Amino acid sequence: MLKGVAVLTEGRSGSSWLGSLTNATGTMGCSGEWLKSAYLGLEPRSYDVLEDVVIKESSTENGRFAIKVFPRHLIWSKGKCGKDFLFEVRRNNDLGFILLERRDRLRQAISFYRASASLLWTSRHEGAGTPVPYSFAGISRAFFQIEQSYAFWRAYLSLSQLPCRRFVYEDLQPDPRPYVEAVAELLDVPVPATVAVSQYTVQRDDLTEDWVERFRREAAEKGAIEAIEDAPVPRTLDNLARFATKRPLTRRRF
């Protein structure tokens, strides 16, 4: 039985930064978005193949593994293989859970929109700083997706009756050591004497603050969901079933 940790979160929550700190120890798994075909570099033929590859790629030599999971990752794997990946993994392994949220949802939404529009998800990607046009609709959609994602994880943990450690990104910014200590405890490995210096840097800038004020002003003037119906129809299992039965598609992601 292997020991692992699943970080349940959503994009732009500081998960890459925190994952880089635990990855640097060499004993706490290799945290990443392993439930993502682009990240894995393959399309799994079966659930067993998916689990084998994910655990192999996310493990360090001491047999500890770490995965970062967004709701869409779990839904993708369920659609591909017909199984709840987290449920199956914890049946045969000692899998601990961390729920990571960001308190400032608006700045997270702005960061999410800018990253998705530019495809520059971290400060390590070349081309950081590429201009992205402001979009009230894009930020609004990102905000609602983030809220839905956190609600999804809270419901998932509650329905599954799973214990978890809860962290908020802003609380960890001054000192991420409590997060590193929690991962070490869940994986039963020694806590490092010092926390590594991450290669990731904060991407927030003056433009973010300008957009915060602009979005709040426009939301006050015309409402926060003014452009929601412009959102593309998501490729969810529910919509595939609706399409097959010629029922109206829904823009809800969950």
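The figures here come from the full heavy-atom set of this structure, side chains too, leaving out hydrogens, waters and symmetry mates. Model, not experiment: these values are computed from the prediction.
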Regarding Ser16 and Lys68, is there a side-chain donor-to-acceptor distance under 3.5 Å anywhere? yes

Going by the salt bridge (Lys or Arg N to Asp or Glu O under 4.0 Å) test, which pairs reach into residues 151-165, not counting sequence neighbours? Glu101-Arg154, Arg165-Glu185

Lys56: which residues meet the side chain to side chain contact (heavy atoms under 4.5 Å, CB included) condition with it, sequence neighbours left out? none

Intermediate values then yes/no, salt bridge (Lys or Arg N to Asp or Glu O under 4.0 Å), Glu10 and Arg102: CA-CA 9 Å; Glu10 179 51 276; Arg102 184 169 171 178; over 6 Å; no

Could you tell me which residues satisfy side chain to side chain contact (heavy atoms under 4.5 Å, CB included) with Tyr39, sequence neighbours excluded, listed by chain and number? Glu33, Trp34, Lys36

Checking Glu213 now: which residues fulfil side chain to side chain contact (heavy atoms under 4.5 Å, CB included) with it, not counting sequence neighbours? Arg216

Contacts of Asp94 that satisfy side chain to side chain donor-acceptor pair (under 3.5 Å) - sequence neighbours left out: Lys3

Review item, side-chain donor-acceptor pairs of residues 17-25, under 3.5 Å, at least two apart:
| from | atom 1 | to | atom 2 | distance (Å) |
| --- | --- | --- | --- | --- |
| Ser20 | OG | Trp17 | O | 2.6 |
| Ser20 | OG | Ser198 | OG | 2.7 |
| Thr22 | OG1 | Gly19 | O | 3.1 |
| Asn23 | OD1 | Ser31 | N | 2.7 |
| Asn23 | ND2 | Gly19 | O | 3.3 |
| Asn23 | ND2 | Ser31 | O | 3.3 |
| Thr25 | OG1 | Thr22 | O | 2.7 |
| Thr25 | OG1 | Thr27 | N | 3.2 |
| Thr25 | OG1 | Thr27 | OG1 | 3.4 |
| Thr25 | OG1 | Met28 | N | 3.4 |

Could I get the full list of side chain to side chain donor-acceptor pair (under 3.5 Å) partners for Arg103, not counting sequence neighbours? Asp171

Can a donor-acceptor pair be found, under 3.5 Å and without considering hydrogens, that links the side chain of Ser58 to the backbone of Val54? yes

Looking at residues at least two apart in the chain, or sitting in another chain, which of them share a salt bridge (charged side-chain N to carboxylate O under 4.0 Å, His left out) with Glu221? none

Aromatic plane relationship, Tyr113 with Trp211 - under 30° parallel, 30 to 60° tilted, over 60° perpendicular: tilted

In chain order, what residues pass the salt bridge (charged side-chain N to carboxylate O under 4.0 Å, His left out) check against Glu51, with sequence neighbours excluded? none

In this structure, is the centre-to-centre distance between the rings of Tyr156 and Trp153 below 6.0 Å? yes

Taking atom CD of Glu61 as the centre, report whether more than 12 heavy atoms of other residues, nucleotides or ligands fall under 6.0 Å from it. no

What pairs with Asp104 under side chain to side chain donor-acceptor pair (under 3.5 Å), at least two apart in sequence or on another chain? Arg107

Set of residues satisfying side chain to side chain donor-acceptor pair (under 3.5 Å) with respect to Glu170, sequence neighbours excluded: none

Set of salt bridge (charged side-chain N to carboxylate O under 4.0 Å, His left out) partners for Glu181, sequence neighbours left out: Arg177

